[in-house]
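Heads up: the structure comes next, in structure tokens.
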Amino acid sequence: MSDTLYNDAILRLATDNPIDERLSDPMGSSEKRSPICGSRVTVDVNLGPDGRVSEAGMLVRACALGQASSSLLAAQIVGRSPEELAAARDSLTGWLGGSGNVPEWPGLDVLTPALDYHARHASIRLAFEAAAEAAAEAQAKIKSQDAAARN
């Protein structure tokens, strides 16, 4: 691999995830795995009364790029809505696929050296895919509970 791919910024992020444990009873949870390299990321979320992420948990077993991406997600996930997480996931997927600009998620531009390494893209997307899915699950659970309470 190129030295520029695993630069100091990426390696620093890979070892500095601000969320390093799972939630004990999450409202939503999702595990994503890269079939290419075996990287795995699990994201747990709780949503607050405003429908935004109030707590998050993570378990990251991934390569340096997957760890770096997970760290960037973890640093900014609290306060995000399920819709914002889905938009970030979609924007990241488009950017990695060459059909968009750097996503408007703080710090993702540090992963620019990975754009030419298509086999690494799945690992980079894992945290964002898991977060969007976990938040959607939590949101659906709230809607289901609200509907049950009205009946």
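From a predicted model like this one, the values you see are computed outputs, not experimental measurements. For reference, positions follow the sequence shown, starting with 1.
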Can you get from L115 to L111 by hopping between Ile, Leu, Val, Met, Phe, Trp and Tyr side chains that sit under 4.5 Å apart?
->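 Cluster IDs for L115 and L111 match.
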
For the backbone of [Y] and the side chain of [X], can you confirm whether one donor and one acceptor N or O come within less than 3.5 Å of each other?
X: K32; Y: A130; result: no
X: S69; Y: G66; result: no
X: N7; Y: T4; result: yes
X: S34; Y: A122; result: no
X: S70; Y: A127; result: no
X: Q67; Y: A62; result: yes

Less than 4.5 Å apart, any side-chain heavy atom of [X] and any of [Y]?
X: V110; Y: L72; result: yes
X: E31; Y: V41; result: no
X: L23; Y: V45; result: no
X: L5; Y: L65; result: yes
X: W105; Y: L85; result: yes
X: N17; Y: M58; result: yes
X: I19; Y: I77; result: yes
X: D146; Y: I142; result: yes

For [X] against [Y], the heavy-atom pair lying closest together:
X: P106; Y: R80; result: CD-NH2, 3.8 Å
X: S71; Y: L13; result: OG-O, 2.6 Å
X: P82; Y: G51; result: CD-O, 3.2 Å
X: D25; Y: N46; result: O-OD1, 3.7 Å

Taking only distance into account, with no hydrogens and no angle test, what donor-acceptor pairs under 3.5 Å do side-chain atoms of residues 91-101 form with protein atoms, sequence neighbours excluded?
| from | atom 1 | to | atom 2 | distance (Å) |
| --- | --- | --- | --- | --- |
| T93 | OG1 | R89 | O | 3.0 |
| S99 | OG | G94 | O | 3.3 |

Donor + acceptor pair across side chains of D44, S29 (<3.5 Å) | yes

Counting only heavy atoms not in R40, do more than 12 fall under 6.0 Å of its CZ?
->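 12 or below, so no.
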
Quick one: do L126 and S39 satisfy side-chain contact (heavy atoms from CB on, under 4.5 Å)? Show the steps, please.
-> CA-CA 8 Å; L126 293 176; S39 290; 3.6 Å; yes

In sequence, state the C-alpha distance, the side-chain angles, and the governing distance for E84 and R52, and then conclude on side-chain contact (heavy atoms from CB on, under 4.5 Å).
-> CA-CA 9 Å; E84 289 172 318; R52 295 180 172 276; 2.7 Å; yes

